[in-house]
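Read through the structure below, which is laid out as structure tokens, and then see the notes.
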2 protein chains.
Amino acid sequence: MAKPTRARLPTSEPLKMAPELEELIGYNLKRAYVVVQKDYRAALGDGGLSPRTFAALSLAVAYPNLTQSNLARMLGIERSGLVAIIDELERDGLLKRTTVPGDRRVQALVPLEAGIAAHRATLAKVKAHEDKLLEDLSDVEKETLIFLLRKIRRHETES
Amino acid sequence: MAKPTRARLPTSEPLKMAPELEELIGYNLKRAYVVVQKDYRAALGDGGLSPRTFAALSLAVAYPNLTQSNLARMLGIERSGLVAIIDELERDGLLKRTTVPGDRRVQALVPLEAGIAAHRATLAKVKAHEDKLLEDLSDVEKETLIFLLRKIRRHETES
DNA sequence: GCATATTGTTAAGTAGGTAAACAGTTTTGC
DNA sequence: GCAAAACTGTTTACCTACTTAACAATATGC
């Protein structure tokens, strides 16, 4: 009598996948996103800016005197969710909230020199991480991928 | 004297973006993923399976008697993270944990009839949601996108 | 046999948000 | 003018989707 067949995949075999799952854009999108995000964190280390913090800083540097509301809209998140991100950037001395003469509700975001430097340094690291992770994609493939992702992004709800 | 210039973007203008951010694959990937995920949830409603639960059910249906460890590996998550997902599927009567004769550590996952039906129905809804959301992409574009995302997924860490 | 590995599980923590409410401050509609 | 509506930043509570570390029970390698 043979020993009972194992009701599982031997770990030495390649992992199988549900065929229909693998054909879904959403599933592939998520799995690819996880790959890139993990590599981002590995590349930038513990002291580095998180993806969302880097994105916020990038926009604040590119568009000085942005308000938090507008920045939240650009990032596609709620105003309330941006508060912690700005708190972190301000605490790290990368930008500061400043009052605006014409509107006392608003706090314009002014990038500081350390913030501009941190942005430049982090951008270089992020580009290096992407270049290395995606070195098996040709330039045309990368451009095509961005083109297609932007086509999906056209459905972003601009609340 | 003109009234002080507003230190923010008028909301009537199109939202600007940080140029370098828009060229990053990771950023576009995340934003596109959020679009698809939100549409998924809107399409499936409150009673529907979440993306992760649907993915787990798909694999459990495609490969009956899978163990939780193997399923977690296929999904690219930790064993501990899968427990809540299986709890939910079992609570909803979609599958059940069963003991395996040869190995008393293992709990094989057996899809129930309700689970097979729920999987089929949910798959149809998910396909409909993707078809509608991505109707502005041609079939070739969709295939290309999946091809490129899978190229990124080749870097998945198969721990 | 004993050391080592594996399985499922719990508990605690993390990341990245949303939703609702709020006070303070404009802006709109008459 | 002035009340109603809208907008800003913020706090609080909550949520989703994980991870890490530990654990007992069980199985495997040598």
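Per chain, numbering begins at 1; letters A, B, ... match sequence-line order.
- In this structure, B:D103 places its CG atom 12 Å from P of C:dT6, rounding to the nearest Å.
- Minimum heavy-atom separation, A:G93 to A:L112: O-CD1, 3.5 Å.
- Put simply, B:Q107 has no side-chain N or O that comes within less than 4.0 Å of OP1 or OP2 on C:dT7.
- In terms of phosphate contacts, B:K30 brings no side-chain nitrogen or oxygen within less than 4.0 Å of OP1 or OP2 of C:dA15.
- The CG-C1' distance, from B:L71 to C:dT6, rounds to 16 Å in whole Å.
- Rounded to an integer number of Å, the gap from B:L49 CG to D:dA17 P is 12 Å.
- Contact annotation: the side chain of B:L94 never approaches that of B:I116 to less than 4.5 Å [non-hydrogen atoms, C-beta and beyond].
- Between the CG atom of A:D87 and the C1' atom of D:dT10 there is a distance of 9 Å, given to the nearest Å.
- A:D87 is linked by a salt bridge (Lys or Arg N to Asp or Glu O under 4.0 Å) to A:R97, counting only residues two or more places apart in sequence or in another chain.
- The interatomic distance linking A:I77 (CD1) with C:dA19 (C1') rounds to 14 Å, in whole Å.
- In this structure, B:L59 is a member of the same hydrophobic cluster as B:Y40, with clusters built from ILVMFWY side-chain heavy atoms closer than 4.5 Å.
- For the side-chain hydrogen bond (donor to acceptor under 3.5 Å, both in side chains) condition, the pairs that include at least one residue of residues 118-134 of chain A, sequence neighbours left out, are A:D39-A:H129, A:S58-A:H119, A:H119-B:E20.
- Residues of residues 31-44 of chain A that place a heavy atom closer than 4.0 Å to DNA chain C, in numerical order, are A:Q37, A:R41.
- Surrounding NZ of A:K96 are at most 12 heavy atoms belonging to other residues, nucleotides or ligands under 6.0 Å away.
- For B:R105, taking side-chain heavy atoms from C-beta onward, the closest of the listed nucleotides D:dT20, D:dT10, D:dT26 is D:dT26.
- Taking 4.0 angstrom as the limit, A:S69 places a side-chain polar atom (N or O) nearer than this to OP1 or OP2 of D:dT8.
- Residue whose closest nucleotide on DNA chain C sits further toward the 5' end, between A:R52 and B:V83: B:V83.
- Residue A:R79 places none of its side-chain N or O atoms closer than 4.0 Å to OP1 or OP2 of C:dG17.
- The shortest side-chain heavy-atom distance between B:E23 and A:K142 does not fall under the 4.5 Å cut-off.
- At whole-Å resolution of the value, CZ in A:F54 and C1' in C:dG16 are 18 Å apart.
- Look at CD on B:Q68: it is 15 Å from C1' on D:dA25, rounded to the nearest Å.
- Contact annotation for B:S80: base contact, defined as any heavy-atom pair under 4.0 Å involving a base atom.
- In this structure, B:R97 places its CZ atom 9 Å from P of C:dG8, rounding to the nearest Å.
- Close to C:dT26, at under 4.0 Å from its OP1 or OP2, lies a side-chain N or O of A:R104.
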